[in-house]
**Student:** 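Here you go, one structure.
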Amino acid sequence: KGELKFISLKDKIPEEYQSFGTVWEVDYYKNRVIFRTTNRLYIWDGDKMKVVVSEDAFHVGKIVHDVYYIRIWNRGLCYMTEDDTFELVPGGEIFADERVYLILPYDDNQVLIGSRLMGFFLYDGKSFKPFKTDLGPEVLQAIYLPGIALENGNFIVNTFAEGTYLMDHNGKLIQKYTTANGLQDGSTSYVYLDSRGVLWMPLFNGISKINLNSSITVLDTNMGLSTK
């Protein structure tokens with residue numbers, strides 16, 4: 001049956017970098033595993049550990065269209081080069097002081113960017129174009145990572161205070177999932193779509209799930225239906 005074993009990689013890390021804080025993200029990129037901490041990337045290729053250090057803190061990162069994007073404080077939205085350095089994308093400096101929490105594939109050529117104060121943008125590799133949505137400022141100010149790009153072209157946007165939102169490819173709101181219609185907690189700290197099309201939402205207070213493939217909607221008091 002085999003036996004599960006955990007093997008420490010600590011001895012693979014250069015001694016001066018063995019002390020580190022929280023690992024905020026783990027990504028698999030070009031046959032390597034990237035562990036992101038606040039100011040370092042620990043890159044494991046299966047044999048050795050490479051450490052990339054940044055004076056300015058890393059914020060969030062995401063792999064879209066085989067490009068590793070990462071927002072760096074005081075610099076903006078960057079991409080990883082072949083030699084594991086980071087260069088600003090064209091126009092990426094507008095996010096030097098602006099929090100970005102959504103980096104998702106919009107189509108085969110464009111990337112959907114969601115930020116806290118400036119809203120949504122479409123990035124085509126050359127410039128950023130504002131992308132209008134039905135999501136109000138109260139949602140944008142609470143937007144949180146990671147969000148999901150669904151196969152049908154729709155998007156899941158989660159927040160840390162206002163629940164989770166389903167919008168179509170044109171930014172139109174389809175459905176909102178909040179405490180007003182059944183969500184246990186409005187703080188959706190993560191979203192995950194399983195192989196059955198069930199959306200899992202870890203909350204600050206419990207876990208909720210929604211079957212996105214279901215053709216049935218339950219109308220009850222959670223949806224505002226009176227029992228009288």
Side-chain angles (χ1 to χ4, degrees), residues 25 59-65 69 71 77 95 98-124 128-228:
E25 290 174 341
H59 181 213
V60 296
K62 191 67 177 287
I63 300 166
V64 178
H65 299 151
Y69 293 100
R71 180 185 169 262
L77 187 62
F95 300 110
E98 169 71 349
R99 295 175 182 269
V100 169
Y101 282 104
L102 214 67
I103 307 176
L104 298 173
Y106 181 77
D107 55 27
D108 291 341
N109 302 304
Q110 298 182 96
V111 180
L112 178 64
I113 305 291
S115 68
R116 280 273 171 88
L117 300 178
M118 297 192 298
F120 289 89
F121 297 85
L122 290 180
Y123 172 65
D124 62 2
F128 293 89
K129 180 175 65 175
F131 180 71
K132 186 178 180 180
T133 75
D134 288 345
L135 303 185
E138 72 283 355
V139 177
L140 292 176
Q141 291 171 13
I143 193 173
Y144 203 57
L145 52 88
I148 299 175
L150 301 174
E151 290 186 358
N152 62 4
N154 294 336
F155 299 95
I156 296 292
V157 178
N158 57 297
T159 74
F160 68 80
E162 299 294 331
T164 300
Y165 295 77
L166 174 65
M167 70 177 185
D168 72 10
H169 203 65
N170 297 313
K172 182 179 180 180
L173 179 64
I174 299 175
Q175 182 61 278
K176 57 182 179 181
Y177 309 106
T178 68
T179 54
N181 61 1
L183 208 61
Q184 303 173 68
D185 185 332
S187 302
T188 312
S189 59
Y190 200 82
V191 283
Y192 175 78
L193 188 71
D194 70 18
S195 59
R196 301 168 299 165
V198 176
L199 178 68
W200 294 87
M201 296 172 287
L203 313 171
F204 287 179
N205 180 29
I207 299 176
S208 290
K209 67 176 182 177
I210 297 168
N211 186 352
L212 297 180
N213 290 328
S214 176
S215 59
I216 299 174
T217 299
V218 177
L219 301 177
D220 57 14
T221 53
N222 288 326
M223 296 290 286
L225 188 67
S226 174
T227 57
K228 296 181 180 180

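Because the structure is predicted, anything quoted here is derived from the model rather than measured.
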**Student:** Main chain of Ser187, side chain of Asp185: is a donor-acceptor contact present, judged purely on distance under 3.5 Å?
**Tutor:**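 Checking the backbone N and O of Ser187 against the side chain of Asp185, a donor-acceptor pair under 3.5 Å is found.
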
**Student:** Backbone N or O of Gly119 within a donor-acceptor pair of the Ser115 side chain at under 3.5 Å?
**Tutor:**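 It does hold such a pair.
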
**Student:** Kindly indicate, with the supporting measurements, whether the criterion side-chain contact (heavy atoms from CB on, under 4.5 Å) is fulfilled by Leu104 and Val64.
**Tutor:** CA-CA 7 Å; Leu104 298 173; Val64 178; 5.7 Å; no

**Student:** Could you check if a side-chain atom of Phe120 sits within less than 4.5 angstrom of a side-chain atom of Ile113, using non-hydrogen atoms only?
**Tutor:** no

**Student:** Looking at Pro105 and Ala149, what are the two nearest heavy atoms and their distance?
**Tutor:** O-CB, 3.6 Å

**Student:** Are the side chains of Thr159 and Thr164 in contact, using a 4.5 Å heavy-atom criterion?
**Tutor:** no

**Student:** Locate the shortest heavy-atom distance separating Ser208 from Leu203; write the atom from each residue and the value.
**Tutor:**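 So the minimum-distance heavy-atom pair works out to OG-CD1, 3.5 Å.
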
**Student:** For a quick test of reading the model, state the closest non-hydrogen atom pair linking Pro202 to Val191 and the distance between them.
**Tutor:**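 It is CD-N, 4.4 Å.
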
**Student:** Can you find a heavy atom in the side chain of Val111 that is under 4.5 Å from one in the side chain of His65?
**Tutor:**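 When only atoms from C-beta onward are counted, His65 and Val111 do touch, with a gap below 4.5 Å.
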
**Student:** Check whether Asp194 reaches the backbone of Gly197 with its side chain - one donor and one acceptor, N or O, closer than 3.5 Å.
**Tutor:** yes

**Student:** Donor-acceptor check, side chain of Asp168 to backbone of Asn154, threshold 3.5 angstrom: yes or no?
**Tutor:** no

**Student:** Hey, does Tyr144 have a side-chain heavy atom less than 4.5 Å from the side chain of Val157?
**Tutor:** no

**Student:** Taking the ring of Phe128 and the ring of Phe95, is the distance between their centroids below 6.0 Å?
**Tutor:** yes

**Student:** So Arg116 and Tyr101, do their side chains get closer than 4.5 Å, heavy atoms only?
**Tutor:** yes

**Student:** Between Ile103 and Leu77, is a side-chain contact (heavy atoms from CB on, under 4.5 Å) present by the stated rule, with each step listed?
**Tutor:** CA-CA 10 Å; Ile103 307 176; Leu77 187 62; 4.2 Å; yes

**Student:** Which heavy atom of Gly147 sits nearest a heavy atom of Lys62, and at what distance?
**Tutor:**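 Minimum heavy-atom contact is O-NZ, 4.5 Å.
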
**Student:** Are any of the side-chain heavy atoms of Leu150 and Ile156 separated by less than 4.5 Å?
**Tutor:**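 SC-SC contact between Leu150 and Ile156 confirmed.
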
**Student:** Are Leu193 and Val198 side-chain neighbours, meaning at least one heavy-atom pair lies under 4.5 Å?
**Tutor:**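 With C-beta onward as the side chain, the pair stays apart.
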
**Student:** Considering all heavy atoms of both residues, which atom of Asn181 and which atom of Gln175 are nearest to each other, and what is their separation?
**Tutor:**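 Of all heavy-atom pairs spanning Asn181 and Gln175, the closest is ND2-OE1, 4.1 Å.
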
**Student:** Students often mix this up, so state it plainly: with edges at 30° and 60°, are the rings of Tyr106 and Phe155 parallel, tilted or perpendicular?
**Tutor:** parallel

**Student:** Determine the interplanar angle of the Tyr123 and Tyr69 rings, folded into 0 to 90°, and report it as parallel if under 30°, tilted if 30 to 60°, perpendicular if over 60°.
**Tutor:** perpendicular

**Student:** Is there side-chain contact between Asn109 and Asp124, with at least one heavy-atom pair below 4.5 Å?
**Tutor:**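 The answer is no, as the side chains (C-beta and beyond) never meet within the 4.5 Å cut-off.
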
**Student:** Spell out, as yes or no, whether a donor-acceptor pair under 3.5 Å connects the side chain of Arg71 to the backbone of Glu98.
**Tutor:**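 Yes; at least one donor-acceptor contact below 3.5 Å.
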
**Student:** Return all side-chain donor-acceptor pairs below 3.5 angstrom for residues 130-143, not counting sequence neighbours, or 'none' if the list is empty.
**Tutor:**
unit_1, atom_1, unit_2, atom_2, d
Thr133, OG1, Leu135, N, 3.2
Asp134, OD2, Leu173, N, 3.0

**Student:** Could you go through the side-chain contact (heavy atoms from CB on, under 4.5 Å) check for Val60 and Glu25 one step at a time?
**Tutor:** CA-CA 8 Å; Val60 296; Glu25 290 174 341; 4.0 Å; yes

**Student:** Taking all heavy atoms of Met201 and all of Leu183, pick out the closest pair and write down the distance.
**Tutor:** CE-CD1, 3.6 Å

**Student:** Do Asn211 side-chain atoms and Leu199 backbone N/O form a donor-acceptor pair below 3.5 Å?
**Tutor:**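 No; zero donor-acceptor contacts below 3.5 Å.
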
